[in-house]
Q: 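Take a look at the following structure, please.
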Amino acid sequence: MNIETFRYDNRIVRAFALATIFWGLVGTLAGLLAACQLFWPDLNLNTPFTTFGRIRPLHTNAVIFAFVGNGMFTGIYYSLQRLCKARMFSDTLSWINFWGWNAIIVAAAVTLPLGLTTSKEYAELEWPIDIAIAVVWVVFTVNLLGTILRRREKHMYVAIWFYIATAITVAVLHIFNSLELPAGAFKSYSIYAGVQDALVQWWYGHNAVAFFLTTPYLGLMYYFLPKASERPVFSYRLSIIHFWALIFVYIWAGPHHLLYTALPDWAQSLGMVFSVMLVAPSWGGMLNGLLTLRGAWDKVRQEPVLKFLVVAVTAYGMATLEGPTLAIKSVNALSHYTDWTIAHVHTGALGWNGFLTFGMLYWLFPRLYNTRLWSTKLANYHFWIGLLGMMFYVVPIYVSGVTQGLMWKQFTADGFLQYGNFLETTIRIIPMHMLRAVGGTLYVVGIVLMWVNLYKTAKSGQFVPETEAQAPALSARPAAPEKKVGGWHGHRWLEGLPVTFTVLVTIAILIGGLVEIIPMYLIKSNVPTIAAVKPYTPLELLGRDLYIREGCVACHSQMVRPFRSETERYGEYSKVGEYVYDHPFLWGSKRTGPDLHRVGGKYPDAWHYNHMENPVNTSPRSIMPRYPWLLTRKLDTNVVQVRMKTLRRLGVPYTDEDIAKAYENMAAQQLRIVQNLKVGMVEADPDREIIALIAYLQRLGTDIKGSPASTAPKLAGP
Amino acid sequence: MIRNVLEHIGGIERYGILSILIFFACYAGMLVWAFLLKKPYLHRMAAKPLEPDSPATSPEETRHE
């Protein structure tokens, strides 16, 4: 037998591990800052760059793509080599993956505070960075598949299946959701509008959770849990069922983010049904993980690594029961737009992803440095502080979410909204925001303890850059056919054919997507146009772009659901035809502030001016940050014609005349708003950003009210 | 003015049925597949992560299927 000697690359594993530790602290600190701003809005330090609307996407991107992303690569680059008995396919590709991915994260950390954002959740990065993500992801996929093809182990272990599914699906999701037309160096418009954009975004958003935060980590669970517990996987058969059922079902569930919105009802029901089905494979996987510890539970008491892994798998179980529950329409009617969703994602992020990453790092570092963990006691402290932090974090937000949902829907005996002023519901949950920040602080303290422990561990040992290993070459063995002795070996056969396996995975994840997206394209050709709905005027368009820049969508929805509690509070429920010119859609996903879809014409222009200068001027005890820079900054009008032309290419019916007269049109609308402001005792220059924002806000939802927006000069078309 | 969008998608009523059929076909096929697998293979694969990093030179330890 031809025994080959080769070396596993530990350098790349260490690089990703260090990046994970670094971004873990950055991401959670950004989250803590955002959490504190919810009860102390002045913590934005009066700068646009650190305001909640910009910090929130920075936090979510840092945690998802920087912390979990690097954590995923750490685990994959370590386990894949060992499961394949092969070094990574290409060291060069490994390092392009590392530096490329982390450069993208740095680009995100710079552009998001600058307000350069598409506004689509977890896909906020602008088009040049989107292209970079696609390139780096392809590099990772080639490296992954190349390693698998060069393996010395005939069968692919279940963890590798999850890695393949991750690589393929994330590429598909990212590319289709990021289709956008540039309108400048860091400005683009989604090619989809309104309801189509919403469906594609949440097909992406939901499956980013599934295939970025879940499947790679399930692969890590199937590798590191047996490793740490020194027990084989409880049921390999169950792992096969877990894998195929999960990837097949997950992709269909995206529309559960759009229940009771203007999305067609059949798509909502489809999303709900498949979400409920997801409980079965998810819990199959969770039980498979926990039962792997059978006979090893005594070790859990002693070993912090196992403690972290057990809580991670338990959090996975909790989150995957809660997710389908929230996807039931009647539950979603209460929970959607409330903090309940935030609590749900933090059970997943802090518990499942965070704790699994911590457990993996505590297991890896002593092995990478050929030593023992510096302090088991400190790791145990981290575990308990982290667990306490997680509890203090999620429990108050659950209370907060249910409180919000109930207060929004409460009517008096006389049939009026009991809490007609939205602000009452905001103020009621401020103590919960404070408790949540305490939990976040504890979690961050835990990460600092881990920094110390891992640093000391590294100092106490000697880094092992490569690990020598030996195995017979796969090709050196005679190609013996699978013996079929009284049974069928289909899956064994399939595991020996990574290319076929990858194709089947691709088909499995595409079926669900196509069933949802093909009708979406049919809807595009049958958009229920509403004659009164017109494109935004040039000034409104620039105001909308400011709304996107400031991240208003982080706290305000633009989707009045067809509930009496909402139509009483906001006005007529939202129609799909009202969004046909919205590139991108701005429906939002939570209401820290009220819905804004019918805010147009509700208040005078001067109210908006005073409110943006300092929200407590008009809304005492408001937790909205101040936006004084909008009052002083000059509006950049040079971009307007390029943007109108870009939107015209996407189907917005701006005529040549509209574009040619854009400046004239803008000046007229600015002047009218300035005159309106004078009535409200406000003196303002017409060329300031606030004027454009007021124009946009006053336009919102007015198309079907039967009266044109007060200040808008008429466009020539369509 | 505001029309029901569903009326304008040809055969939309079949999408739900088609979805469920595809789901059950795939799910049932996969279950049959999984339950036909033999135990020795399953046990070997379940213990795969427990194999030592190096050196794994014994033909018994590294043999392929």
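Below, chains carry the letters A, B, ... as their sequence lines are ordered, and counting in each starts from 1. A quick note: this is a predicted structure, and the numbers were derived from the prediction, not measured.
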Q: A:Arg82: what forms a salt bridge (charged side-chain N to carboxylate O under 4.0 Å, His left out) with it, not counting sequence neighbours?
A: B:Asp53

Q: Output all residues satisfying side-chain hydrogen bond (donor to acceptor under 3.5 Å, both in side chains) with A:Tyr579, sequence neighbours left out; order by chain, then residue number.
A: A:Ser574, A:His597

Q: With chain A, which of B:Ala34, B:Pro49, B:Ala47 has the greatest number of heavy-atom pairs at distances under 4.5 Å?
A: B:Pro49

Q: Using a 6.0 Å distance limit plus a 45 degree cone around the ring axis, check whether B:Lys39 lies over the aromatic ring of B:Tyr41.
A: no

Q: With a 4.5 angstrom heavy-atom cut-off, is it the side chain or the backbone of A:Tyr223 that approaches chain B, or both, or neither?
A: both

Q: Heavy-atom pairs under 4.5 Å with chain B: which of A:Trp252, A:Phe224, A:Phe234 has the most?
A: A:Trp252

Q: Could you tell me how the ring of B:Trp33 sits relative to the ring of A:Trp244: parallel (under 30°), tilted (30 to 60°) or perpendicular (over 60°)?
A: parallel

Q: Using non-hydrogen atoms only, which part of A:Leu83 is less than 4.5 Å away from chain B: side chain, backbone, both, or neither?
A: side chain

Q: Might you confirm whether atom CZ of A:Phe6 has over 12 heavy atoms from other residues, nucleotides or ligands at distances under 6.0 Å?
A: yes

Q: Does any backbone or side-chain atom of A:Arg231 lie under 4.5 Å from a heavy atom of chain B? Answer side chain, backbone, both or neither.
A: backbone

